[in-house]
**Student:** 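I'd like to ask you about the structure that follows.
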Amino acid sequence: MATHLFVCGHGQSDPGAGGNGITERDWTRNPLIIAIKKYGAQLKSNKLEFYDTAKDMYQQTCDGWGAYSVSTATASVTELHLDASSNTSTSGGHVIISSQFNADKNDLAIANVVKNYVGWHPAYRSNGISLRSDLLNLNVFAKRGIGYRLVELGFITSKKDTDTLKAKYDAVAKSIVEAVTGETLGASAPKPSQPTISQGIAKPGKGLFYRVHIPNQGWLGYVGSTVTAGTTGKAIPIQAVEVLWDGIGDLITSKAHVEGLGWQPWNYNITGTTGKNKSLEAVQFWLGEYLTKQGYSIEYRTHVSKLGWQPWVRDGAVSGTTGKKLAIEAIEFRMYKNGKLEVGKFV
């Protein structure tokens, strides 16, 4: 069951924009988020969570919490706002996503909800999507591999937009829930398209432990050195990998070649993406200075769709394929210290 997080924009001492008798902070929290919670409770195949409405995620992110505190198992984050302009005739809304990604089907579905009620902002009338790289929460979530969008529901300074949103907030809430989750409220729960995979343990032990993120299920459990993470023979792609040493994620750097996106920047902890429905196609792993100075090296191999297991490679070499549109379905790691295999310990 996928979990989707909703965030109300602004908050605490920041009311955001104001106009036509409402503010961003207050209207998104009441009545909009209350209606979203009502429809979220009716979901059968998805789950909604809500960032603390007494808080301002932006302010908390500035303080090192906020967007940094959201679990990487979260399928998507949707932040709700209202736009403003000195020109009260300006009308319409749009959906903001990271310029690092293409809009997914849910981003486009939310944009269509906006279009159906208030129309699209004049600058984004091709598809209702704005690509940005200058917003704090957006950049933090992109770096952490969590799908995020900021929804400008309309102009708070437009009487036309605010009259529509005030009158139809309940219908807007239902439509947004359906667009974010892809689930039609009131419909029977769909049959799973893949078997539920039970794998690994909930918490990593000492030494080398790793886990993978797969479609429709999210993160599987942690497995230890030389054990397969993921599946073979089931045609289930891996979307992300987390590799830890002694429970710490920033000792091993990684790089991923992602379906439709190509090579991503070197990163710590999480390799790949979640909430974007993009498969991993190739990976690289490299130990940081702390471990290499102690004589450690890391080896890994991948199981690739239609090709099977690839040879073991080590210390920054590429495993997988590029340019063939073949997904990685499973992965194994092993760590050596001065040539001797290190085996993790369950705790």
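In what follows, residues are counted from 1 in the order of the sequence shown. Bear in mind the structure is a predicted one, so any value in this text is a computation, not a measurement. Only this structure's heavy atoms are used, side chains among them; waters, hydrogens and symmetry mates stay out.
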**Student:** Would a line drawn from the ring center of Tyr290 to the ring center of Tyr296 be shorter than 6.0 Å?
**Tutor:**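 For Tyr290 and Tyr296, the ring centres are not under 6.0 Å apart.
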**Student:** Should we say atom NZ of Lys255 is surrounded by more than 12 heavy atoms from elsewhere, each under 6.0 Å from it?
**Tutor:**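 Yes - once you tally the heavy atoms of other residues, nucleotides and ligands closer than 6.0 Å, there are more than 12.
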**Student:** Could you give me the CA-CA distance, side-chain angles and deciding distance for Thr53 and Arg29, then say whether side chain to side chain donor-acceptor pair (under 3.5 Å) is met?
**Tutor:** CA-CA 7 Å; Thr53 55; Arg29 287 163 172 78; 5.1 Å; no
**Student:** Contact between Tyr222 and Lys203 at the side-chain level, heavy atoms closer than 4.5 Å - yes or no?
**Tutor:**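 The answer is no, as the side chains (C-beta and beyond) never meet within the 4.5 Å cut-off.
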**Student:** Flag the pair Val114 / His94 as yes when at least one side-chain heavy-atom distance between them is below 4.5 Å, and no otherwise.
**Tutor:**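 With C-beta onward as the side chain, the pair stays apart.
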**Student:** Taking atom types as modelled, is there a side-chain donor on His213 or Gln239 under 3.5 Å from an acceptor on the other?
**Tutor:**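 There is such a pair (donor and acceptor under 3.5 Å, judged by atom type) between the side chains of His213 and Gln239.
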**Student:** For a side chain to side chain contact (heavy atoms under 4.5 Å, CB included) check, start with the C-alpha distance between Thr253 and Asn267, then their side-chain angles and the critical distance, and finish with the verdict.
**Tutor:** CA-CA 6 Å; Thr253 60; Asn267 197 11; over 6 Å; no
**Student:** Is the shortest heavy-atom distance from the side chain of Asp104 to the side chain of Asn277 under 4.5 Å?
**Tutor:**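 Of all side-chain heavy-atom pairs linking Asn277 with Asp104, none is under 4.5 Å.
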**Student:** Please lay out, stage by stage, how His10 and Tyr58 fare under the test side chain to side chain contact (heavy atoms under 4.5 Å, CB included).
**Tutor:** CA-CA 7 Å; His10 303 280; Tyr58 172 78; over 6 Å; no
**Student:** If you count every heavy atom of other residues, nucleotides or ligands that lies below 6.0 Å from Tyr39 atom OH, does the total exceed 12?
**Tutor:**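 Yes.
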**Student:** Might you confirm whether atom NZ of Lys325 has over 12 heavy atoms from other residues, nucleotides or ligands at distances under 6.0 Å?
**Tutor:**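 Atom NZ in Lys325 is not crowded, with 12 or fewer foreign heavy atoms closer than 6.0 Å.
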**Student:** Taking atom CG of Leu307 and atom CG of Leu326, what is their separation to the nearest 0.5 Å?
**Tutor:**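 Taking CG in Leu307 and CG in Leu326, the distance rounds to 5.0 Å.
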**Student:** Is it possible for you to check whether Lys168 lies under 6.0 Å from the centre of the six-membered ring of Tyr117, through NZ or CZ, and within 45° of that ring's axis?
**Tutor:**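 No, a cation-pi geometry is absent between Lys168 and Tyr117.
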**Student:** Is it the case that Lys160 and Ser91 place a side-chain donor and acceptor less than 3.5 Å from each other?
**Tutor:**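 Ser91 and Lys160 do have a side-chain donor-acceptor pair below 3.5 Å.
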**Student:** If hydrophobic clusters are built by linking Ile, Leu, Val, Met, Phe, Trp and Tyr wherever their side-chain heavy atoms come under 4.5 Å apart, do Leu287 and Val318 end up in the same one?
**Tutor:**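 Unlinked, Leu287 and Val318 end up in two clusters.
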**Student:** Do the side chains of Met57 and Asn137 get nearer than 4.5 Å, heavy atoms only?
**Tutor:**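 Yes, side chains in contact.
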**Student:** How far does NZ of Lys115 sit from CH2 of Trp120, to the nearest 0.5 angstrom?
**Tutor:**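 These two atoms lie 4.0 Å from each other.
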**Student:** Does a donor on one side chain and an acceptor on the other come within less than 3.5 Å for Asp26 and Thr23?
**Tutor:**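 Asp26 vs Thr23: donor-acceptor pair found between side chains.
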**Student:** Check whether more than 12 heavy atoms from other residues, nucleotides or ligands sit under 6.0 Å from atom CH2 of Trp65, and answer yes or no.
**Tutor:**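 Counting other residues, nucleotides and ligands, CH2 of Trp65 stays at 12 neighbours or fewer.
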**Student:** Decide, yes or no, whether a salt bridge links Glu299 with Arg334 under the criterion of side-chain N to carboxylate O below 4.0 Å.
**Tutor:**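 Salt bridge present between Glu299 and Arg334.
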**Student:** Check the pair Gln310, Ser319 against side chain to side chain donor-acceptor pair (under 3.5 Å), reporting the backbone distance first and the verdict last.
**Tutor:** CA-CA 7 Å; Gln310 302 302 289; Ser319 183; over 6 Å; no
**Student:** Look at Lys47 together with Glu49 and state whether they make a salt bridge at an N to O cut-off of under 4.0 Å.
**Tutor:**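 Here Lys47 pairs with Glu49 in a salt bridge, since their nearest N and O are under 4.0 Å apart.
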**Student:** Go through Tyr124 and Ile129 one step at a time and tell me if the side chain to side chain contact (heavy atoms under 4.5 Å, CB included) criterion holds.
**Tutor:** CA-CA 6 Å; Tyr124 310 109; Ile129 301 294; over 6 Å; no
**Student:** Which atom pair, heavy atoms only, marks the closest approach of Val180 to Asn106?
**Tutor:**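 Smallest heavy-atom distance, with atoms named: O-ND2, 3.2 Å.
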**Student:** Tell me whether Arg211 forms a cation-pi arrangement with Trp219, defined as NZ or CZ under 6.0 Å from the six-membered ring centre and within 45 degrees of its axis.
**Tutor:**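 Yes, a cation-pi geometry holds between Arg211 and Trp219.
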**Student:** Is there a path of hydrophobic side-chain contacts, each under 4.5 Å between heavy atoms of I/L/V/M/F/W/Y residues, joining Val95 to Leu135?
**Tutor:**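 Different hydrophobic clusters.
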**Student:** Any side-chain heavy-atom pair from Leu138 and Ile96 closer than 4.5 angstrom?
**Tutor:**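 Yes. Closest side-chain heavy atoms under 4.5 Å.
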**Student:** Should the heavy atoms of other residues, nucleotides or ligands under 6.0 Å from CD of Glu289 be counted, would the total exceed 12?
**Tutor:**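 For Glu289, atom CD is not crowded (no more than 12 foreign heavy atoms under 6.0 Å).
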**Student:** Starting from Leu150, can I reach Leu80 by hopping between I/L/V/M/F/W/Y residues whose side chains sit under 4.5 Å apart?
**Tutor:**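 Different clusters: Leu80 never reaches Leu150 through Ile, Leu, Val, Met, Phe, Trp or Tyr contacts under 4.5 Å.
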**Student:** Which of parallel (below 30°), tilted (30 to 60°) and perpendicular (above 60°) describes Phe6 and Phe50?
**Tutor:**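 Answer is parallel, since the angle falls under 30°.
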**Student:** What distance separates Gln284 CD from Gln264 CD, expressed to the nearest 0.5 Å?
**Tutor:**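 So the gap between those two atoms works out to 12.5 Å.
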**Student:** Going by atom types only, do Ser85 and Asn87 share a side-chain donor-acceptor pair under 3.5 Å?
**Tutor:**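 Side-chain D/A pair, Ser85 to Asn87: absent.
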**Student:** Group every Ile, Leu, Val, Met, Phe, Trp and Tyr by side-chain heavy-atom contacts under 4.5 Å, then state whether Leu32 and Val118 land in the same group.
**Tutor:**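 Linked within one cluster.
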**Student:** Counting C-beta onward and ignoring hydrogens, is there a side-chain heavy-atom pair between Glu281 and Ile328 closer than 4.5 Å?
**Tutor:**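 They are not in side-chain contact.
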**Student:** Working to the nearest 0.5 Å, report the span between OG1 of Thr196 and CG of Asn216.
**Tutor:**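 If we round to the nearest 0.5 Å, Thr196:OG1 and Asn216:CG are 9.5 Å apart.
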**Student:** Could you check whether any side-chain heavy atom of Glu242 comes within less than 4.5 Å of a side-chain heavy atom of Asn269, counting everything from C-beta outward?
**Tutor:**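 Yes - at least one pair of side-chain heavy atoms lies under 4.5 Å apart.
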**Student:** If you apply the rule side chain to side chain donor-acceptor pair (under 3.5 Å), what do you find for Thr3 with Thr74, and how did you get there?
**Tutor:** CA-CA 5 Å; Thr3 299; Thr74 304; over 6 Å; no
**Student:** Under a plain distance cut-off of 3.5 Å, with no hydrogens placed, do His4 and Ser76 share a side-chain donor-acceptor pair?
**Tutor:**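 His4 and Ser76 do have a side-chain donor-acceptor pair below 3.5 Å.
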**Student:** Report whether Leu280 and Ile252 are members of the same hydrophobic cluster (ILVMFWY, side-chain heavy atoms less than 4.5 Å apart, transitive linking).
**Tutor:**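 Yes, one cluster joins them.
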**Student:** Are the aromatic ring centres of Phe141 and Tyr148 under 6.0 angstrom apart?
**Tutor:**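 Aromatic pair counts; centres sit under 6.0 Å.
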**Student:** Salt bridge check: are Asp107 and Arg149 linked by an N-O gap of less than 4.0 Å?
**Tutor:**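 Arg149 and Asp107: salt-bridged.
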**Student:** Quick one, Lys55 with Tyr51, criterion side chain to side chain contact (heavy atoms under 4.5 Å, CB included). Give me CA distance, side-chain angles, the key distance, then yes/no.
**Tutor:** CA-CA 8 Å; Lys55 304 295 184 182; Tyr51 195 75; 4.1 Å; yes
**Student:** Between Lys38 and Asp170, does any NZ, NE, NH1 or NH2 come within less than 4.0 Å of an OD or OE carboxylate oxygen?
**Tutor:**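 Salt bridge: yes.
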**Student:** Check whether any side-chain heavy atom of Val177 lies under 4.5 Å from a side-chain heavy atom of Lys174, and answer yes or no.
**Tutor:**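 Counting from C-beta outward, Val177 and Lys174 never come under 4.5 Å.
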